[in-house]
Amino acid sequence: MTEDMTQTPILHVDMDAFYASVVVRDRPELRDVPVIVGGGYRGVVLSADYLARKTGVRSGMPMTRARRMCPDAEVVSPDFDTFTTVSASVMENFRRITPLVEVLSLDEAFLDVRGSTRRLGAPVEIAEHLRATIHDEQGITCSVGVAGSMTLAKMASRWAKPDGVFVCTPSSVTTLLHPLDVGELYGVGEKTSELLHRFGLATVGDIAHTPVRTLRRAVGDHLGRHLHDLAWGIDDRQVVARNASSFSFLGDPDKSMGASETFGHDTDDREVIVRELLRLTDRVTTRMRVAGVAGRTVTITVRFADFTTITRSRTLAEATDVTQEVFHEAVRSYDALGLQRARIRLVGVRLEGLVPRERVHRQLLLGQRDHGWSEADRAADRIVRRFGTGTVRPASLLS
């Protein structure tokens with residue numbers, strides 16, 4: 001195997017100007033004007049497209065200052081429902097590649113793809129596949145850093161921007177890192193950077209060639225050792241599969257599970273759409289049973305050819321993890337839209353209000369059989385665990 005495949009298994013995927021990109025995607029008339037996404041007149045900038053960034057506008061900047069710097073910008077209020085929907089679809093693409101996805105926020109995540117290279121190719125090939133898939137499905141771009149550690153992958157994605165891939169191989173670490181200002185190191189904030197500069201440590205190379213004991217005296221035992229390791233590209237942290245629950249606008253990720261799919265060609269064929277709803281439902285409910293959870297609210301997402309997106313939800317009397325029950329509600333929601341020849345780009349299914357499965361006590365209806373779809377699902381799960389994915393599936397998905 002090449003150095004790229006065996007020693008650079010960590011990807012950091014960062015969406016390019018995420019909020020602004022979604023806004024421009026949904027409002028094509030803004031494509032050639034500066035766009036700032038943020039709150040009211042006294043709010044802060046959440047995101048700015050690259051046209052606005054050329055004037056110096058940055059995320060976190062007071063809106064009053066941003067307006068002065070870029071008076072021609074179109075200022076758009078954030079639509080977190082849309083941002084969350086797009087983010088969920090992007091993260092679902094990551095999890096198709098690997099279960100080791102560590103979500104940092106709505107628009108970035110680490111992936112450990114070392115278990116996926118046999119199936120999908122080298123990490124750089126996986127990175128290019130993800131970029132193409134996200135652009136095709138969501139109409140926005142991302143940048144990917146490929147490296148041997150989380151720190152280097154994070155820095156590499158910054159070097160890849162916008163809309164690119166940057167591979168940081170072990171042999172290139174010192175060449176890339178040592179000329180940089182100390183403030184460029186991932187995790188080094190403004191105060192730490194100022195402190196290092198006061199000690200005459202201006203570049204990463206200065207840190208690398210300073211004895212650890214000297215660094216410890218200057219900035220403390222833990223930080224001194226940590227900075228010295230980073231300067232040599234040493235970072236033994238592992239990607240941990242988790243969602244960014246600390247980001248309130250993302251919602252509570254542990255309270256929902258979902259999946260979405262973009263059709264190869266926009267379609268208005270109900271049969272095709274319903275089959276895809278079944279496929280997605282089967283995927284989601286299987287994950288729920290593995291996790292030991294059940295959900296009450298079934299939500300579908302429908303995205304049209306012009307990227308207009310709508311959601312519809314139905315709440316059940318009791319939580320479920322049964323594929324056919326969820327599928328039935330998803331189809332009811334879709335049919336209730338009454339779409340007439342509307343061409344559809346994407347559909348999604350999500351279960352919300354998840355609770356531990358053992359807390360759900362199902363009440364049989366009069367005349368209902370003791371064994372049914374729930375037992376069939378679990379039997380299929382056992383077969384899949386033994387013989388692999390795809391060995392058992394709903395009959396209508398076989399063709």
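Predicted, not measured: the structure shown is a model, and the values here were computed from it.
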Can you tell me how far apart [atom1] ([X]) and [atom2] ([Y]) are? Round to the nearest 0.5 Å.
| X | Y | atom1 | atom2 | result |
| --- | --- | --- | --- | --- |
| L120 | R118 | CG | CZ | 12.0 Å |
| D26 | T308 | CG | OG1 | 7.0 Å |
| F307 | I140 | CZ | CD1 | 9.0 Å |
| H228 | R216 | NE2 | CZ | 10.5 Å |
| L177 | C168 | CG | SG | 6.0 Å |
| D49 | I36 | CG | CD1 | 8.5 Å |

More than 12 heavy atoms from other groups under 6.0 Å of CD on E190: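 No, the 6.0 Å shell around CD holds no more than 12 heavy atoms from other groups.
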Test log, rule side-chain contact (heavy atoms from CB on, under 4.5 Å), inputs V144 and E128: CA-CA 8 Å; V144 186; E128 293 289 6; over 6 Å; no
Taking the side chain from [X] and the backbone from [Y], do they hold a donor-acceptor pair closer than 3.5 Å?
| X | Y | answer |
| --- | --- | --- |
| R296 | L316 | yes |
| T210 | D206 | yes |
| D321 | R289 | no |
| H129 | E125 | no |
| S87 | F83 | no |
| S193 | G189 | no |

Polar contact flag, side-chain donor to acceptor under 3.5 angstrom, [X]-[Y]:
| X | Y | value |
| --- | --- | --- |
| Q138 | R303 | yes |
| D107 | S105 | yes |
| T82 | T85 | no |
| S59 | S47 | no |
| T285 | T323 | yes |
| S171 | T169 | yes |
| H197 | D181 | yes |

Residues which pass ring-ring contact (aromatic ring centres under 6.0 Å, His included) with H328, listed by chain and number, not counting sequence neighbours: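 Result, ring-ring contact (aromatic ring centres under 6.0 Å, His included) vs H328: none returned.
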Quick check: do [X] and [Y] have side-chain heavy atoms less than 4.5 Å from each other?
| X | Y | result |
| --- | --- | --- |
| T117 | P123 | yes |
| R350 | T301 | no |
| L111 | L130 | yes |
| T203 | H178 | no |

Stepwise side-chain contact (heavy atoms from CB on, under 4.5 Å) test for V45 and R65: CA-CA 10 Å; V45 174; R65 184 182 175 194; over 6 Å; no
Salt bridge (charged side-chain N to carboxylate O under 4.0 Å, His left out): pairs with one or both residues in residues 155-177, sequence neighbours excluded: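 Every salt bridge (charged side-chain N to carboxylate O under 4.0 Å, His left out) pair that includes a residue of residues 155-177, provided the two are not neighbours, is D14-K161, D16-K161, R131-D163, R158-E184.
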Geometric class of the F80/Y19 ring pair [parallel <30°, tilted 30-60°, perpendicular >60°]: perpendicular
Quick one: closest heavy-atom pair of [X] and [Y], and the distance?
| X | Y | value |
| --- | --- | --- |
| G258 | R287 | O-NH1, 3.1 Å |
| M61 | G56 | CE-O, 3.3 Å |
| V35 | V23 | CG1-CG1, 4.3 Å |

Kindly list each side-chain donor-acceptor pair under 3.5 angstrom involving residues 329-344, sequence neighbours excluded, with atom names and distances?
residue : atom : partner : partner atom : Å
E329    : OE1  : R332    : NH1          : 3.4
S333    : OG   : R314    : NE           : 3.1
S333    : OG   : E329    : O            : 3.2
D335    : OD1  : R270    : NE           : 3.0
D335    : OD1  : R270    : NH2          : 3.4
D335    : OD2  : R270    : NH2          : 2.9
R341    : NE   : D268    : OD2          : 3.4
R341    : NH2  : D268    : OD2          : 3.4
R343    : NH2  : D266    : O            : 2.4

Using distance only, find each side-chain donor-acceptor pair of residues 93-100 under 3.5 Å and give its atom names and separation, not counting sequence neighbours.
residue : atom : partner : partner atom : Å
N93     : OD1  : R96     : NH1          : 2.9
N93     : ND2  : S89     : O            : 3.4
N93     : ND2  : E137    : OE1          : 3.0
R95     : NH2  : N243    : OD1          : 2.5
R96     : NH2  : S260    : O            : 2.3
R96     : NH2  : E261    : OE1          : 3.3
T98     : OG1  : L100    : N            : 3.0
T98     : OG1  : D112    : O            : 2.9

Test salt bridge (charged side-chain N to carboxylate O under 4.0 Å, His left out) applied to R225 - qualifying residues, sequence neighbours left out: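 D229.
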Residues E92, R283; criterion salt bridge (charged side-chain N to carboxylate O under 4.0 Å, His left out); working and verdict: CA-CA 11 Å; E92 182 64 24; R283 186 189 305 171; 3.8 Å; yes
Inter- and intrachain pairs under ring-ring contact (aromatic ring centres under 6.0 Å, His included), touching residues 339-358, at least two apart: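 Applying ring-ring contact (aromatic ring centres under 6.0 Å, His included) to every pair that reaches into residues 339-358, excluding sequence neighbours, yields nothing.
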Audit row: L180, L185, side-chain contact (heavy atoms from CB on, under 4.5 Å) steps and yes/no: CA-CA 8 Å; L180 299 176; L185 275 179; over 6 Å; no
Check against side-chain contact (heavy atoms from CB on, under 4.5 Å), T174 and W232: CA-CA 7 Å; T174 55; W232 289 103; 3.7 Å; yes
